[in-house]
Amino acid sequence: MSGFNTRAIHVGSEPDGVTGAVNPPVYLTSTYAQDGVGVPRFSDYARVDNPTRAALEACLAGLEDARHGIAFASGLAGEDALLRTLAPGDHVILGNDAYGGTYRLLTRIFGDWGLTITTVDLSDLDAVRAAFSTSTKVLWVETPSNPMLNVVSIHDLAKVAHDQGALLVVDNTFATPYLQRPLTLGADVVIHSTTKYVGGHSDVIGGFVATNSDELAGKLKFHQYAIGAVPGPLDCYLLIRGLKTLGVRMERHCANAREVAAFLDGHEAVERVYYPGLASHPGHDVAARQMRDFGGMVSFTLKGGAAAARKVCETTTVFTLAESLGGVESLIELPSAMTHASTAGSTLEPPDSLVRLSVGIEDIEDLIDDLTNALI
Ligand code: PLP
């Protein structure tokens, strides 16, 4: 099996050996019978292992071209486990545009724990090189980034990180493995909020870490069961189901987002559109090289400033005003007051006139009509 969609549908979902069921069973169990003391048939406890979780891990790791994949209860739980493999005193470099929760985790939890962090413009390779110190262990990248949709070269940043003996971690939540596979471009670790496009239906919270390093995977697996932020079997099932349609959904998300971006780009109330698919986007060429398509996220600023942005967010009816992204339904939000409120006063703070759209897979005419009415 080599095609993305074939693997998404079949890996981990082989017909059940007993019944032939074409979907992986949801193993709602917390423990497993043992044939003798310390001789479990499958595993000693469901925090350690669960067959539904294993099916998800096999499928998504495969789609990321990773030897190992470890599922967590949320994207942030996966990030937490990954950061715990570092030691107090270590240094992390983060792009100056990233999910607010990642910034909050790094500064307010791991800052107290002893990690130090520098934020930097990842498109400026000299600035990235200058941000390294002898204690830098991780260069943490989102591409496309949340919420400014910046795109940076994974290949170039992997070289910079490796020259300095650090790992390149790529948050692939916005692109998904259908559009971009960071490990094949030189990254060491891929993380996901599977809450988003992987789940795809806004009905589950989940996270994932993928890597080809046996050593790192061993540590992550240990953290998974020793700390215990594991996804439940039903959540794993929903994510498996989401993966089966990821490819077709992404194609529609991308097609709709392309049209929405073009519409906004020509609108007189709009100041600037941030979408890697626009030829005017500074990261367009890099995106065209490292991504299959340009994704379903579009951000834009309004000439009318913060008040106009707030009004648009509160006026649309097909685009629902809500945090999160990546579901089949279109969402709209004001990052400075919502998803990125935790970055206030930092170099990551987005403009207060910025609106972020998660363009869903509805009929494009309805999405354009909705935006047209809200932008009056
Ligand atoms: N990474 C990105 C790019 C995100 O947008 C989010 C959440 O919005 C996360 C990580 C955190 O994921 P979760 O909400 O599943 O903990």
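These numbers come from the heavy atoms of this one structure, side chains and all, not from hydrogens, waters or symmetry mates. Whatever order the structure lists them in is the order used to number ligands and atoms, beginning at 1.
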Side-chain H-bond candidate by donor/acceptor type, Gln290 with Ser153, under 3.5 Å: no

Is there any protein N/O under 3.5 Å from an N/O of ligand 1, and what does the full list of such pairs look like?
{"unit_1": "ligand 1", "atom_1": "1 (N)", "unit_2": "Asp171", "atom_2": "OD2", "d": "2.6"}
{"unit_1": "ligand 1", "atom_1": "5 (O)", "unit_2": "Asn146", "atom_2": "ND2", "d": "3.0"}
{"unit_1": "ligand 1", "atom_1": "8 (O)", "unit_2": "Lys196", "atom_2": "NZ", "d": "2.7"}
{"unit_1": "ligand 1", "atom_1": "12 (O)", "unit_2": "Ser193", "atom_2": "OG", "d": "3.0"}
{"unit_1": "ligand 1", "atom_1": "15 (O)", "unit_2": "Gly75", "atom_2": "N", "d": "2.9"}
{"unit_1": "ligand 1", "atom_1": "15 (O)", "unit_2": "Ser193", "atom_2": "OG", "d": "2.8"}
{"unit_1": "ligand 1", "atom_1": "15 (O)", "unit_2": "Thr195", "atom_2": "OG1", "d": "2.7"}
{"unit_1": "ligand 1", "atom_1": "16 (O)", "unit_2": "Gly75", "atom_2": "N", "d": "3.1"}
{"unit_1": "ligand 1", "atom_1": "16 (O)", "unit_2": "Leu76", "atom_2": "N", "d": "2.9"}

Could you tell me the separation between the CG atom of Leu183 and the CG atom of Asp65, rounded to the nearest 0.5 Å? 7.5 Å

Expected output: side-chain Thr194 to main-chain Gly207 donor-acceptor under 3.5 Å: yes

Near Arg241 CZ, under 6.0 Å, is it more than 12 heavy atoms from other residues, nucleotides or ligands? no

Would a distance-only check, ignoring hydrogens and angles, find a side-chain to backbone donor-acceptor pair under 3.5 Å from Asn256 to Gly360? yes

Indicate whether the side chain of Glu362 and that of Ser330 have a donor and an acceptor atom separated by less than 3.5 Å. yes

